[in-house]
*Asks:* 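What follows is a structure written as structure tokens; I'll ask about it next.
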Number of protein chains: 2
Amino acid sequence: MPRTTDKRDRLIKAAKILIRKQGFHLTTLADIAQEADVPLGNVYYYFKTKEAIGEAVIESRSRELHESMANWEEQSTPAERLFAFVQQEVDHSEDTARSGCPIGGLCQELAKQGGTLADAAAKLMNDMIEWSEKQLKAAGLGDSSREVANQFVALVQGMSLLTNTFKEPKLMVNFSQSIRGWLDKTVAKGKAATPIAEEIA
Amino acid sequence: MPRTTDKRDRLIKAAKILIRKQGFHLTTLADIAQEADVPLGNVYYYFKTKEAIGEAVIESRSRELHESMANWEEQSTPAERLFAFVQQEVDHSEDTARSGCPIGGLCQELAKQGGTLADAAAKLMNDMIEWSEKQLKAAGLGDSSREVANQFVALVQGMSLLTNTFKEPKLMVNFSQSIRGWLDKTVAKGKAATPIAEEIA
DNA sequence: GTCTATATACAGATAGAC
DNA sequence: GTCTATCTGTATATAGAC
């Protein structure tokens, strides 16, 4: 059973799209096979179970996330790195409005059944938080970096949920402008303030 | 077909518990019937379809939410009212760690399939945001109230997701302390600042 | 109003020809 | 390696006796 094939890749790609759009449980192997243009019976040559497809999808999301984080690292300041993360959310806000955050959606859905898939999804979320924490430490936030990182990621995730719930990409766009203010006023100056909207007074 | 019965109430109560814990799609009518101690075939006397149970669950959640909001209103300042909301999340943080936010979970899962159920769930989220907006307006935040309300609710929802993802109630407890600082420093003074962690400098 | 038995549909998974 | 046909389990939903 080859680890990498054209068909295998097509199946993973199809699964990523469909699972993001419909969720893991609502997506059938028949859906995935059809989207990938692979006969249903052939799916089992590449993946022993549906759960194995889930694992491959999470692996792929993990590679994407780490690539993105590497790109964001190229910004010259911690505040700009964190904003690059938010900017990516803005760039994909229409997908998010349609289908939600691919990582948040997996965590939400899979946390309910536990097991290794849930753990793998949780690791994605943890990686995002740790990366954010690293930036905040670099900005001089010290011991509060972990708590601020939790809140920063929570805020992005929550805004993805609202964007999806109301099918309104602008929610993410407007949010990015507020968080820009927060980054300039607090993170860029080595302070930490709970981030909702920049000060108006 | 009676609108209110002992058995009907038991079915809704069972559905609320199971749907929160397992999600809507993973929860079967057989699960609900068993938990409510009602024979499976009898379920259909009270609810025409599974979707009808979903509607009843959302209605019940809506009633609960509006009761809670009425209670929070009894606090004497807008900042304290908003904190009462967060305090309730802390009080239920162990349930959230186990099963996530009942409203956020519904929105996340149901947004993926659209339809009237998704709309009903979205209305719950909207009610939370509008209530928060009202408090922020009362605090004197003016035109930025809506955006700050979006971020406030997003932050609570995102923190619920992290709490559930990592099965760690303390995440919500620690967050509540930070948001307390944000409420005192900004909302209580009629300012608005994106809320991640109180200032440390 | 209540409950057993069952129809119907479709999911994940397998067997085995090619 | 590939694909058709099919097994098996289980979900929603219904029929109909009581």
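Keep in mind the model is a prediction, meaning the values are calculated, not measured.
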*Asks:* Could you tell me the separation between the CG atom of Leu11(A) and the P atom of dG1(D), rounded to a whole number of Å?
*Replies:*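 Spelled out: CG on Leu11(A) to P on dG1(D) is 14 Å.
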
*Asks:* Does the distance from a Lys or Arg side-chain N to an Asp or Glu carboxylate O, for Glu109(B) and Lys112(A), drop under 4.0 Å?
*Replies:* no

*Asks:* Hey, can you pull the residues of residues 22-35 of chain B with a non-hydrogen atom under 4.0 angstrom from DNA chain C?
*Replies:*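 Those residues: none at all.
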
*Asks:* Which of the following nucleotides, dT4(C), dA13(C), dT12(D), is nearest to the side chain of Pro39(B)?
*Replies:*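 In terms of side-chain proximity for Pro39(B), the closest of dT4(C), dA13(C), dT12(D) is dT4(C).
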
*Asks:* Just checking, is any N or O donor in the side chain of Glu73(A) or Gln135(A) under 3.5 Å from an acceptor N or O on the other one?
*Replies:* yes

*Asks:* At less than 4.0 Å, is any side-chain N or O atom of Tyr46(B) found next to OP1 or OP2 of dT2(C)? Yes or no.
*Replies:* yes

*Asks:* Under 3.5 Å, is there a donor-acceptor pair between the Ser68(A) and Asn71(A) side chains?
*Replies:*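 Checked: Ser68(A)/Asn71(A) side chains show no N/O donor-acceptor pair below 3.5 Å.
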
*Asks:* For Arg8(B) and dT2(C), what is the distance between atoms CZ and P respectively, to the nearest whole Å?
*Replies:*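 Going from Arg8(B) (CZ) to dT2(C) (P), I get 13 Å.
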
*Asks:* Heavy atoms from C-beta onward define the side chain here; which of dA13(C), dC3(C), dC3(D) lies closest to that of Lys50(A)?
*Replies:* dA13(C)

*Asks:* Take the protein atom CG of Leu40(B) and the nucleotide atom P of dT10(D), then report the distance between them rounded to whole Å.
*Replies:* 14 Å

*Asks:* How many Å lie between CG on Asn42(A) and C1' on dT14(C), as a whole number?
*Replies:* 14 Å

*Asks:* Measure from CD1 on Ile53(B) to C1' on dA13(D) and round the result to the nearest Å.
*Replies:* 12 Å

*Asks:* Go through the side-chain N and O atoms of Gln113(A) and Gln22(B) and say whether any donor and acceptor fall under 3.5 Å apart.
*Replies:* no

*Asks:* I'd like to know if the side chain of Asp31(B) pairs up with that of Thr28(B) as donor and acceptor (distance under 3.5 Å, no hydrogens or angles considered).
*Replies:*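 Thr28(B) and Asp31(B) do have a side-chain donor-acceptor pair below 3.5 Å.
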
*Asks:* Verify the contact: side-chain N or O of Tyr45(B) to OP1 or OP2 of dG1(C), cut-off strictly under 4.0 Å; return yes or no.
*Replies:*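 It does, given that an N or O in the side chain of Tyr45(B) lies less than 4.0 Å from OP1 or OP2 of dG1(C).
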
*Asks:* Is the number of heavy atoms from other residues, nucleotides or ligands within 6.0 Å of CD (Glu94(B)) greater than 12?
*Replies:*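 At most 12 heavy atoms, drawn from other residues, nucleotides or ligands, come within 6.0 Å of this atom.
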
*Asks:* Which nucleotide in the set dT14(D), dT2(C), dG12(C) lies at the smallest distance from any side-chain heavy atom of Tyr44(B)?
*Replies:*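 The answer is dT14(D).
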
